[in-house]
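Written below as structure tokens is the structure these notes are about.
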Amino acid sequence: MRKKAINLIMPVIAVAVLLFAVWGPEKIALYQDRGVLNQISEKEVEEESEGYRYSMSSNEKLYLLSKCLNNQVLPESELSSLTRVDKEKVDYEELTGMYAFVINRQGPSGKELTEEEIFEVCNREIKTLQDRGILPGRVREVSGSAYSAVLYSAIDVLEPRNSLAVWKISLSTDIQNADKANRLIDAYIDADTGKIYEFYVRTEGTWDELNPDDMARAWSEYMGLSGMEACEAANPLSETTQYFEKYRFPAAGEGNTVMTLGFYEGINEFFLKIEK
């Protein structure tokens, strides 16, 4: 009797298993879908296009910009203007190396300073540099009628989210016989903060009247940098003027950024520049 009952139950179990194998997974999936279908959920993702928003310290930003500037012609005085190249011809796809400094042809994303804003910000920061004793003498205001503004991107090619948007402000070469006295010639300006990384300016006075050590410390505080050290025994052949002082700022790893304060006698051009 027991064996007969087992024989009757086995086909029923086999049919049940077969039905579950056919319909079970679908029913389970439908049940699970009820928890997500027609429901709104949020998840934070990192957009590739927003990579430049990756947070870097002031020292790291300075180092990145210095490395990138070494891949293009730096702003310079008329003493070396014949070596200037046309930045409009730079092709990003043809660039080689680990760092690139290229024109941002897409323009501000909405988070950077616009071309309409950059001249006002530049004048504000020039005033700040003067108040802090970083920029000597009187400097005339910049404006769109006499200056050009180009937005650049400084990019770590191997780590693209390490990047920086920078405006370059230059006295327009379209103005014939322009009076350059007490004028800003070139400047690189952070497109987010408006801080001035580099500048070349025609000014009053002489190198002997300046105190580069105090200027360097004031600029370091202005930029929010740390670890400044004077570069001892700087190579006198590294500059085209005998009037300069160099300072070093540590970056991530073993890297350093060198900042130079200098003066071109004769044309009375004072400059602050960065290099790797």
Side-chain angles (χ1 to χ4, degrees), residues 52-53 55-62 64-66 69 74-75 77 101 103-104 107-154 163-173 175 178-205 210-212 214-226 228 247 249 257 259-263 268-274:
Y52 70 92
R53 291 294 163 185
S55 178
M56 293 187 293
S57 69
S58 296
N59 285 52
E60 290 170 337
K61 291 166 69 176
L62 188 73
L64 171 63
L65 181 58
S66 70
L69 287 177
L74 296 174
S77 74
F101 192 73
I103 293 176
N104 185 335
S109 68
K111 298 180 180 179
E112 300 100 350
L113 295 167
T114 65
E115 186 172 354
E116 292 73 23
E117 296 171 324
I118 192 59
F119 295 108
E120 180 180 350
V121 170
C122 183
N123 287 322
R124 180 195 72 197
E125 294 303 309
I126 286 175
K127 180 64 166 56
T128 300
L129 293 180
Q130 291 175 314
D131 292 343
R132 288 173 174 258
I134 303 166
L135 192 58
R138 180 176 62 89
V139 180
R140 287 188 277 178
E141 288 194 346
V142 304
S143 65
S145 61
Y147 286 81
S148 64
V150 181
L151 182 63
Y152 286 86
S153 293
S163 56
L164 182 68
V166 180
W167 280 102
K168 181 183 180 183
I169 305 297
S170 302
L171 182 63
S172 178
T173 57
I175 302 177
D179 180 11
K180 296 183 174 65
N182 301 109
R183 277 190 180 275
L184 179 74
I185 305 299
D186 284 299
Y188 281 115
I189 303 174
D190 191 302
D192 289 330
T193 66
K195 299 287 187 180
I196 298 178
Y197 287 103
E198 285 197 3
F199 60 79
Y200 284 71
V201 63
R202 298 293 175 86
T203 184
E204 302 165 342
L210 305 178
N211 189 325
D214 288 347
M215 289 177 167
R217 281 189 289 269
W219 182 77
S220 177
E221 294 176 359
Y222 163 77
M223 295 299 300
L225 300 169
S226 61
M228 186 188 84
Y247 304 86
F249 295 88
T257 307
M259 182 272 279
T260 304
L261 288 172
F263 185 80
N268 277 40
E269 186 166 288
F270 176 66
F271 65 86
L272 184 156
K273 68 177 183 177
I274 59 174

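Other residues, nucleotides and ligands contribute more than 12 heavy atoms inside 6.0 Å of the CD atom of E204. Within a 6.0 Å radius of CD in E120, no more than 12 heavy atoms belonging to other residues, nucleotides or ligands are found.
When all heavy atoms of P212 and L261 are compared, the pair lying nearest together is O-CD1, 3.3 Å. In plain terms, the two heavy atoms of R138 and N182 that are nearest each other are O-ND2, 3.0 Å. Across G205 and F263, no two heavy atoms sit closer than the pair O-CZ, 3.6 Å. The minimum heavy-atom distance linking L151 with A191 is given by the pair CD1-CB, 3.9 Å. Heavy atoms only, all atoms of each residue included: A149 and I118 are closest at CB-CG2, 4.0 Å. Of all heavy-atom pairs between V121 and G194, the closest is CG1-CA, 3.7 Å.
Between atom CD1 of residue I274 and atom CH2 of residue W219 there is a gap of 6.0 Å, rounded to the nearest 0.5 Å. Atom-to-atom distance recorded for Q130:CD and I126:CD1 is 7.0 Å, nearest 0.5 angstrom. Here OG1 of T128 is found 8.5 Å from CD1 of I134. Values are rounded to the nearest 0.5 Å. Here the CG-OG distance, from N123 to S143, works out to 8.0 Å after rounding to the nearest 0.5 Å. With rounding to the nearest 0.5 Å, the separation of CG in N104 from CD in E112 is 7.0 Å. Note: D214 CG to R132 CZ = 13.5 Å, rounded to the nearest 0.5 Å.
For Y152 and F101, the gap between ring centers is short of 6.0 Å.
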Going through the distances and angles, do T257 and N59 end up as a side-chain contact (heavy atoms from CB on, under 4.5 Å)? CA-CA 8 Å; T257 307; N59 285 52; over 6 Å; no
I would like to know whether L184 and L171 meet side-chain contact (heavy atoms from CB on, under 4.5 Å); could you show each step before the answer? CA-CA 7 Å; L184 179 74; L171 182 63; over 6 Å; no
Run E198 and L69 through side-chain contact (heavy atoms from CB on, under 4.5 Å) and show every step you take. CA-CA 11 Å; E198 285 197 3; L69 287 177; 3.4 Å; yes
Kindly determine whether F199 and V139 satisfy side-chain contact (heavy atoms from CB on, under 4.5 Å), including the steps that lead there. CA-CA 12 Å; F199 60 79; V139 180; over 6 Å; no
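In the model, T203 has no side-chain atom that pairs as donor or acceptor with a side-chain atom of N268 under 3.5 Å.
Ring geometry, F271 versus Y200: the interplanar angle falls under 30°, so the pair is classed parallel (tilted spans 30 to 60°).
A salt bridge is absent between K61 and D192: the closest approach of a Lys/Arg side-chain nitrogen to an acidic carboxylate oxygen does not fall below 4.0 angstrom.
Partner Y247 forms a side-chain contact (heavy atoms from CB on, under 4.5 Å) with one of M215, M228, R217 and no other, that one being M228.
At least one donor-acceptor pair under 3.5 Å links the side chain of K195 to the backbone N or O of Y222.
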